[in-house]
Chemist: 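Attaching a single structure in structure tokens format; questions to follow.
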Amino acid sequence: MSGAGGGQAGAAPAHRDAAGWSALDHAAGRGDLAGLGRLLADGADPLDAGPDGRTAYDIALAAGHLAAATALRAVEPSGPGTAPDHAWRPYCRAYRRGELAGFPGWPDGQHDDEVVYVHDDLTVTRSGWPGEDVLFASTSPEWAWYCRETLGFAVPDDLSLAVPHGTVDDEGESDGTGD
């Protein structure tokens, strides 16, 4: 008999079925917020990965159940070294060189219309490849502030890049609905 979480009724939260999925994984894959809440309250570990290396969060995210993924992220431990890093890396964003010239430590130069790339480590390159043809490599707090506040630079995380369940049809077009 199947329980609300998708696994065997009364099974321990860490129990995995023949496919390697826990009840928490099944609830995440369905976007079942009530089931997730019950399983987490019963001690299910949101960081427990199945044989394929995915956690319930990864499963909810892949299925486009953003509310379930958000709920699972909310119960992850926080702090350095305790929670998964969900930032999308490597990452870079293109800017016109003139946009960066407002920073007081920016090297003088021409070519204000040249496209350059700010990377997740805040280096600036002429190439989209990290570390290739580096133009600027400051790691100062002032540069970080300038990138964040003036340029609006931020490394997106996987949740912000996900497509909600039910929003894309077979041709890849959005239907305006979501999770």
Chemist: Does any donor atom in the side chain of H15 or S22 lie under 3.5 Å from an acceptor atom in the other side chain?
Modeler: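 There is no such pair (donor and acceptor under 3.5 Å, judged by atom type) between the side chains of H15 and S22.
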Chemist: Considering non-hydrogen atoms only, spot the tightest contact between C147 and V118 and give its length.
Modeler: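 For C147 versus V118, the nearest heavy atoms are SG-CG1, 4.4 Å.
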Chemist: How close do G152 and Y95 get, counting heavy atoms only, and between which atoms?
Modeler: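 Scanning both residues completely, I find the closest heavy atoms to be C-OH, 4.3 Å.
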Chemist: What is the distance from atom CG of D58 to atom CG of D52, rounded to the nearest 0.5 Å?
Modeler: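 With rounding to 0.5 Å, CG (D58) is 8.5 Å from CG (D52).
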Chemist: How far does OH of Y57 sit from CZ of R73, to the nearest 0.5 angstrom?
Modeler: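 Y57 OH to R73 CZ: 4.0 Å, rounded to 0.5 Å.
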Chemist: Looking only at non-hydrogen atoms, find the nearest pair between G31 and A68 and report the distance.
Modeler: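 For G31 versus A68, the nearest heavy atoms are CA-CB, 4.0 Å.
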Chemist: Using side-chain contact (heavy atoms from CB on, under 4.5 Å), reason through W106 and L135 one step at a time and then give a plain yes or no.
Modeler: CA-CA 10 Å; W106 185 253; L135 178 65; 3.8 Å; yes
Chemist: Could you see if I59 belongs to whatever hydrophobic cluster contains L36? Use Ile, Leu, Val, Met, Phe, Trp, Tyr and a side-chain cutoff under 4.5 Å.
Modeler: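 Looking at the clustering, L36 is in a separate group from I59.
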Chemist: Indicate if L40 and W21 have the same hydrophobic cluster label, given that clusters are the connected sets of ILVMFWY residues with side-chain heavy-atom separations under 4.5 angstrom.
Modeler: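 Shared cluster, no.
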Chemist: Quick one: do R126 and E114 make a salt bridge, cutoff under 4.0 Å?
Modeler: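 Yes, this pair counts.
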Chemist: Passes side-chain contact (heavy atoms from CB on, under 4.5 Å), R96 versus D112? Steps please.
Modeler: CA-CA 6 Å; R96 298 238 179 252; D112 282 352; over 6 Å; no
Chemist: Donor-acceptor pair, H65 side chain versus A28 backbone, under 3.5 Å?
Modeler: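 Judged by distance alone, no pair lies under 3.5 Å.
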Chemist: Hydrogens and angles aside, do Y117 and R93 bring a side-chain donor and acceptor to less than 3.5 Å of each other?
Modeler: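 The answer is no; no qualifying pair exists.
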Chemist: About how many Å separate CZ of R38 and CG of L24, when rounded to the nearest 0.5 Å?
Modeler: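 Going from CG on L24 over to CZ on R38, the span is 12.0 Å.
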Chemist: Using distance alone, with no hydrogens and no angle criterion, decide if H26 and D17 have a side-chain donor and acceptor under 3.5 Å apart.
Modeler: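 Yes - a donor-acceptor pair under 3.5 Å links their side chains.
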Chemist: T70 side chain to L66 main-chain N or O, any donor-acceptor pair under 3.5 Å?
Modeler: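 Judged by distance alone, yes, a pair lies under 3.5 Å.
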Chemist: Under 4.0 Å between a Lys/Arg side-chain N and an Asp/Glu carboxylate O for R16 and D48?
Modeler: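 A salt bridge links R16 with D48.
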Chemist: How are the rings of F136 and F103 set relative to one another: parallel (under 30°), tilted (30 to 60°) or perpendicular (over 60°)?
Modeler: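 F136 and F103: perpendicular rings.
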Chemist: Looking at OG1 of T55 and CG of L61, how far apart are the two atoms once the value is rounded to the nearest 0.5 Å?
Modeler: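 If we round to the nearest 0.5 Å, T55:OG1 and L61:CG are 9.0 Å apart.
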Chemist: Could you give the distance from OH (Y146) to CD (E99), rounded to the nearest 0.5 Å?
Modeler: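 Between Y146 OH and E99 CD, I get 8.0 Å after rounding to 0.5 Å.
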Chemist: Could you check L151 against L100 for side-chain contact (heavy atoms from CB on, under 4.5 Å), going step by step and ending with a plain yes or no?
Modeler: CA-CA 8 Å; L151 299 176; L100 296 115; 3.8 Å; yes
Chemist: With a 4.5 Å limit on heavy-atom distance, are the side chains of D120 and P90 in contact?
Modeler: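 Contact flag for D120/P90 side chains = yes.
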Chemist: I'd like to know whether R97 forms a side-chain contact (heavy atoms from CB on, under 4.5 Å) with D113, so could you lay out the CA-CA distance, the side-chain angles of the two residues, the decisive distance to 0.1 Å, and finally the verdict.
Modeler: CA-CA 6 Å; R97 190 171 174 165; D113 287 335; over 6 Å; no
Chemist: For P51 and A19, which heavy atoms make the closest approach, and how far apart are they?
Modeler: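 The pair with the smallest heavy-atom distance is CG-O, 4.4 Å.
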Chemist: If you compare all heavy atoms of A27 against all heavy atoms of G35, which two are closest, and at what distance to 0.1 Å?
Modeler: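 Closest approach of A27 to G35: CB-C, 4.3 Å.
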Chemist: Grab the two heavy atoms, one from A44 and one from P46, that are nearest each other, plus how far apart they are.
Modeler: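 Heavy-atom minimum between the residues: O-CD, 3.4 Å.
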Chemist: Answer yes or no: is there a side-chain heavy-atom contact under 4.5 Å between V124 and V134?
Modeler: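 The answer is no; the side chains never approach within 4.5 Å.
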Chemist: Find out if a path of hydrophobic residues (ILVMFWY) with successive side-chain heavy-atom gaps under 4.5 Å connects L72 to L39.
Modeler: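 They do share one cluster, since a chain of ILVMFWY contacts under 4.5 Å joins L72 to L39.
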Chemist: Donor-acceptor pairs under 3.5 Å, side chain of residues 137-144 to any protein atom, not counting sequence neighbours: which ones?
Modeler:
{"unit_1": "S138", "atom_1": "OG", "unit_2": "S140", "atom_2": "N", "d": "3.2"}
{"unit_1": "S138", "atom_1": "OG", "unit_2": "S140", "atom_2": "OG", "d": "3.3"}
{"unit_1": "S140", "atom_1": "OG", "unit_2": "E142", "atom_2": "OE1", "d": "3.4"}
{"unit_1": "S140", "atom_1": "OG", "unit_2": "W143", "atom_2": "N", "d": "3.0"}
{"unit_1": "W143", "atom_1": "NE1", "unit_2": "L122", "atom_2": "O", "d": "2.8"}

